[in-house]
> 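There's a structure below that I have some questions on.
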Amino acid sequence: MTANTQATVHAPAGVFKGFRADECQHFLGIRYATSERYCPPVPFTYGEAEYECHTPAPYPVQLCSTIELTLTGIHYENLPQEENCQYLSITVPDEATPESRFPVMVWFYGGSYRNGGCDNPFYDRSILAKENGVVMVGINYRLSLLGFVKNREGGFANNGLLDAIEGLRWVNANIAAFGGDPNNITIFGESAGGDLVRCLMLSEGTDDLYRRAIIQSDPLGTLANREEMERKILDELNELPLEASIEQLLETQRSITENVTERGLAKYLIFGPHAGVYPLPAQKDEEKRLREVAPKHDIIIGTNARETATYIGGNKLASALDRNILTRWIIELVLRKKTMDIFTVPTRKFARLYADCGGKVHLYNFFWRKDQHVVGAGHITELALLFGGKGVEVTLMAQGLHEQDFIEYGKPLRRIWTDFAKTGEISTLHEDGMITLQPIG
């Protein structure tokens, strides 16, 4: 991205100097909060001086992700990281002014609560902003041991979730200055990001921070029977001193992830928010909370037809078996069962519950190229269409396609998502062989 001319915004939190490029205005790496280790975030505001917003936000502390490296080419371990990673970045249409009141879409990245960052080049906010006239925001939140295990006293904590809430508060208070409508905010995310969106909806005190939500590929099947695994992780982290080095923390995380003894589906999402720990209700009280939330907030929720094919595609042996006509049925059987158990069945169940609680729900199934490649409509593949496929041409996710292909093929999906953000209605535009949407209730 090449910067052209300056763009300056006077917001309640400070004066921010961004830049114009790609038919958009960009404001990168704005700090919205800070925190002590294992503590809730504290709001951050700038002084009267202007703040340069030209540098992407540093990533949360994290290890390499083999699967994301295979699919998107991202080397997280080689990117700038920061323990206090509470930054956000904003991209708006080039013509935006404080009077514009564009709909706002706030993106929460996935990555199993272990990886990700709001300025990952794969999440190119500009294509949605300039093509469909929305303000795009990406919010960083703390991950894994620093974000979803413990508090200073050694008990469970949801500090990464509290980061996301604090970031949303910042957006509500400041986004009008950037040309966004604080009364028309849609939160959306995929995988762990989709789960984070669902947790934001369940959280105490968030009802007025957003209007609509899109939940993509939430691994809901991993959320049962987690107590023993979570207790072991907490106990192991509590053996470290509070001020352990980042290297010690990462080595402990590596040890935890390589030595998981959980045999159920929970092992596929080792870290994550804890039900019954502030600001989340206990699991037994979630339906009660949904009855408060659902009538106020419309949602799109759904899954991909071949979610777990993404993980098979990155395994050489499984890929070889899938290509062999004599053994493919075995791989496909495992793939379908895992996809149904982790994603499809629990998502349909949640969609029905949300509708029964008074919510307006559109349930989707993304099945683009599901039979054309070992990955096909695998986990995260719809993101290449939503964000333009930047940087994936040489990766497994590309499936032989180029960036311009993703930009062109993704237009219907981007239109559906942004029409929903603008009006709450589903666009009549559709693409055969890509996605189905079904109203529930």
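FYI, side chains are in, hydrogens and waters are out, and symmetry mates aren't considered; it's all heavy atoms of this structure.
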> Should we count CD of Glu23 as having more than 12 external heavy atoms under 6.0 Å?
no
> State the CD-OH distance between Glu153 and Tyr38, to the nearest 0.5 angstrom.
12.5 Å
> For the residue pair His362 and Phe420, is the inter-centroid distance of their aromatic rings smaller than 6.0 Å?
no
> Centres of the Tyr409 and Trp368 rings: under 6.0 Å?
yes
> Report yes or no: is the cationic atom of Arg31 (NZ for Lys, CZ for Arg) under 6.0 Å from the centre of the six-membered ring of Tyr87, at an angle within 45° of the ring normal?
yes
> Quick one: does Arg414's side chain have a donor or acceptor within less than 3.5 Å of a partner on Asn132's backbone?
no
> Between Phe387 and Tyr123, does the ring centroid distance fall short of 6.0 Å?
yes
> Short question: side chain of Asn172, backbone of Leu209 - any donor-acceptor pair under 3.5 Å?
yes
> Got a sec: does the CG of Asp285 have more than 12 other heavy atoms crowding it under 6.0 Å?
yes
> Considering only residues two or more places apart or on different chains, which pairs with a residue in residues 97-122 satisfy salt bridge (Lys or Arg N to Asp or Glu O under 4.0 Å)?
Asp119-Arg125
> Under a 4.0 Å N-O cut-off, is there an ion pair linking Arg289 with Glu292?
yes
> Tell me if the aromatic rings of Phe188 and Trp417 count as close, with their centers under 6.0 Å from one another.
no
> Quick one: list whatever passes side-chain hydrogen bond (donor to acceptor under 3.5 Å, both in side chains) with Glu382, sequence neighbours left out.
Gln216, Asn304
> Decide if the gap between the ring center of Tyr46 and the ring center of Phe16 is smaller than 6.0 angstrom.
yes
> Heavy-atom count check: over 12 atoms from other residues, nucleotides or ligands less than 6.0 Å from Lys267 NZ?
yes
> Would one find more than 12 heavy atoms of other residues, nucleotides or ligands at under 6.0 Å from atom CD of Glu36?
no
> Is Asp94 salt-bridged to Lys130, cutoff N-O under 4.0 Å?
no
> Compute the centroid of each ring, for Tyr210 and then for His297, and state whether the two points are separated by less than 6.0 Å.
yes
> Pair Phe148, Phe156 - check ring pair (Phe, Tyr, Trp, His ring centres under 6.0 Å), show working.
CA-CA 8 Å; Phe148 292 97; Phe156 288 116; over 10 Å; no
